[in-house]
Amino acid sequence: MNNFKTEIISWYSANKRSLPWRETSEPYCIWLSEIMSQQTRIEQSLPYYLKFIDAYPTIFHLAEAKEDEVLKLWQGLGYYSRARNLHATAKYIAYELNGKFPDNYNDLLKLKGVGDYTASAIASICFNEPAPVVDGNVYRVLSRYFGVDIPINSTKGIKYFKTLAKELIDHEQPGEYNQGIMEFGARQCKPQSPDCNICPLNESCVALQKKMVALLPVKIKKGKIKHRHFNYLIINNDEKTILEQRTANDIWKNLYEFPLIEDKHELTEEQIIKHDIFKKYIPHNKFSIHLYNNDKIVHKLSHQYIHTKFWIVNLQTKIENGIEKKQLNEYPVPILIANFVEEFSF
DNA sequence: AAACCGGGGCT
DNA sequence: AGCCCAGGTTT
């Protein structure tokens, strides 16, 4: 036990990457970096962190922003509820708490978008509280080192590893230990083909002794992929097009997209032009329509495949409630839409 | 307890 | 094609 925490901190001090949020213990910076890094590789979140710190140097700057601006800066990072909760929490801390960031695990846990992991990370890094983090890296390191085959995404597993992590954390340097075990999992005890020959813990690693490294951690499989068919209407005249905001509790909530006809099945041109949603936008006969993408576009999310058709609908008539095409790039949109806008010459 | 919520990188 | 990523919220 003692050996484990000592080796982790020692390995971390010799191998840690240089990251901007490792140069500070400002709760605002640590919070921002942690939210952005949820279920996201550091290499992917890093440029977003730099953009946000540049645009919003303090929590007050973030609190004063419009949600659309925050979502636009977040565009491409995914899991957009993180951005909405980030903004709501910034306003809460700035205006309700007068800018004073909660300074302990229990109070941090009350913030929107902050769960057990993030509250522990901020509490340990910023306030030296011995709250253990258990992220994907920690599950992997502990399950291998101690040879635990309880599924990490079962209720029993979540409790077991949290308890184990509590016993292991260094009470003198909880922040360094927490970051150390995560970095160790990310770079030494990697998911695939870790080089156990150069691992400082290889002599006491149970999984290595039992040749179980590749089999751990154990994870329960999730359900299979759902297929959806999206038909976007690119309604054009010389100046304008139409965008709508997604407001339902569904993917891409509060982001923008072209008028959408969704169906369980693939739709043909005939089915599109007689669809109620199409008629709502185009109540007359003065239009021409053609399919933009001849080859299939399948946008893949974790548990959904979005089969997409972009229908170009050209009009001579005036467009009500449209937006200038030049302003298209100002709206936060899913990557699926952003890719189309970039490729299509408006 | 299970489902839902993105996008990218690697094998 | 499948898995993983400095997880959290909702049902």
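First the proteins, then the strands, lettered A, B, ... as listed; each starts at 1.
In this structure, A:Lys222 reaches neither bases nor backbone, as no heavy-atom distance under 4.0 Å exists between it and the strands shown. In this structure, A:Glu43 reaches neither bases nor backbone, as no heavy-atom distance under 4.0 Å exists between it and the strands shown. Across all strands shown, A:Asn178 has no heavy atoms under 4.0 Å from either base or sugar-phosphate atoms. Contacts of A:Val138 with the nucleic acid, taken as non-hydrogen atoms under 4.0 Å apart, are absent. Residue contacts for A:Arg22: at a heavy-atom cut-off of 4.0 Å it reaches a base atom on one of the strands shown. Within 4.0 Å of A:Leu77, counting heavy atoms only, lies at least one base atom of the nucleic acid. Nucleic acid contact class of A:Ser154 (heavy atoms, under 4.0 Å, all strands): none. Within the nucleic acid shown, A:Lys253 has no heavy atom closer than 4.0 Å to any nucleic acid atom.
If you take CD1 of A:Ile42 and C1' of B:dG7, they are 15 Å apart, rounded to a whole angstrom. Atom-to-atom, CD1 of A:Ile125 to C1' of C:dA6 comes out at 9 Å; the value is rounded to the nearest Å. Going from atom CD1 of A:Ile251 over to atom C1' of B:dG7 covers 12 Å, rounded to whole Å. In this structure, A:Tyr49 places its OH atom 23 Å from P of C:dC5, rounding to the nearest Å. What separates CD1 of A:Ile152 from P of C:dG7 is a distance of 11 Å, to the nearest Å. Rounded to a whole Å, the CD atom of A:Gln39 is 6 Å from the C1' atom of C:dC5. C:dC3 atom P lies 14 Å from atom CZ of A:Arg41, rounded to whole Å. Between A:Arg246 atom CZ and B:dC4 atom C1' there is a gap of 13 Å when expressed in whole angstrom units.
Close to C:dG7, at under 4.0 Å from its OP1 or OP2, lies no side-chain N or O of A:Gln38. Close to C:dC5, at under 4.0 Å from its OP1 or OP2, lies a side-chain N or O of A:Arg140. At least one side-chain nitrogen or oxygen of A:Gln304 sits closer than 4.0 Å to the OP1 or OP2 atom of B:dC5. Residue A:Tyr139 has no polar side-chain atom (N or O) positioned under 4.0 Å from OP1 or OP2 of C:dC4. Contact annotation: A:His303 side-chain N/O to B:dA3 OP1/OP2 distance is not under 4.0 Å. Taking only side-chain nitrogens and oxygens, A:Trp74 never comes nearer than 4.0 Å to OP1 or OP2 of B:dG6. Put simply, A:Ser81 has no side-chain N or O that comes within less than 4.0 Å of OP1 or OP2 on C:dG8.
Rounded to a whole angstrom, the distance from the C1' atom of C:dG8 to that of B:dG9 is 23 Å. On the P atoms, C:dT11 is 15 Å away from B:dG6, given to the nearest whole Å. Nucleotides B:dT11 and C:dA6, compared at atom P, are 15 Å apart to the nearest Å.
Salt bridge status for A:Asp276 with A:Lys279: absent, with no side-chain N to carboxylate O gap under 4.0 Å. Between A:Glu172 and A:Lys5, none of the side-chain N atoms (NZ, or NE/NH1/NH2) sits under 4.0 Å from a carboxylate O, so this pair counts as no salt bridge. Taking 4.0 Å as the cut-off between side-chain N and carboxylate O, A:Arg228 and A:Asp250 count as a salt-bridged pair.
With DNA chain C read from its 5' end, the first of the two nearest nucleotides for A:Asn85 and A:Ile225 is the one closest to A:Ile225. DNA chain B is contacted by both A:Lys300 and A:Gln192; A:Lys300 maps to the nucleotide lying nearer its 5′ end (nearest heavy atom per residue). Taking the nucleotide of DNA chain C with the nearest heavy atom to each of A:Lys221 and A:Asp135, the more 5' of the two is matched to A:Lys221. Residue whose closest nucleotide on DNA chain B sits further toward the 5' end, between A:Val333 and A:Ile220: A:Ile220.
A distance of 7.5 Å separates NZ of A:Lys325 from CD1 of A:Ile319, quoted to the nearest 0.5 Å.
One cannot find a donor-acceptor pair under 3.5 Å joining the base of C:dG7 and the side-chain atoms of A:Thr118. Side-chain to base pairing of A:Tyr79 with B:dG6: one donor and one acceptor N or O lie within less than 3.5 Å of each other. For B:dG6, the base has a donor-acceptor partner in the side chain of A:Thr40 [N/O atoms by modelled type, under 3.5 angstrom].
Side-chain rings of A:Phe340 and A:Tyr232 stay apart, their centers remaining 6.0 Å or farther from each other.
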Q. For A:Leu108 and A:Trp31, what are the C-alpha separation, side-chain angles and deciding distance, and is it a side-chain contact (heavy atoms from CB on, under 4.5 Å)?
A. CA-CA 10 Å; A:Leu108 287 161; A:Trp31 167 65; over 6 Å; no
Q: Start with the C-alpha distance between A:Glu244 and A:Tyr281, add both sets of side-chain angles, then the distance that settles side chain to side chain donor-acceptor pair (under 3.5 Å), and finish with yes or no.
A: CA-CA 12 Å; A:Glu244 301 283 7; A:Tyr281 287 100; 2.4 Å; yes
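When each of A:Ile235, A:Ile234, A:Asn314, A:Ile273 is tested with A:Ile289 by the rule side-chain contact (heavy atoms from CB on, under 4.5 Å), just one qualifies, namely A:Ile273.
For A:Asp250, the listed nucleotide lying nearest its side chain is B:dC5; candidates were C:dG7, B:dG8, B:dC5.
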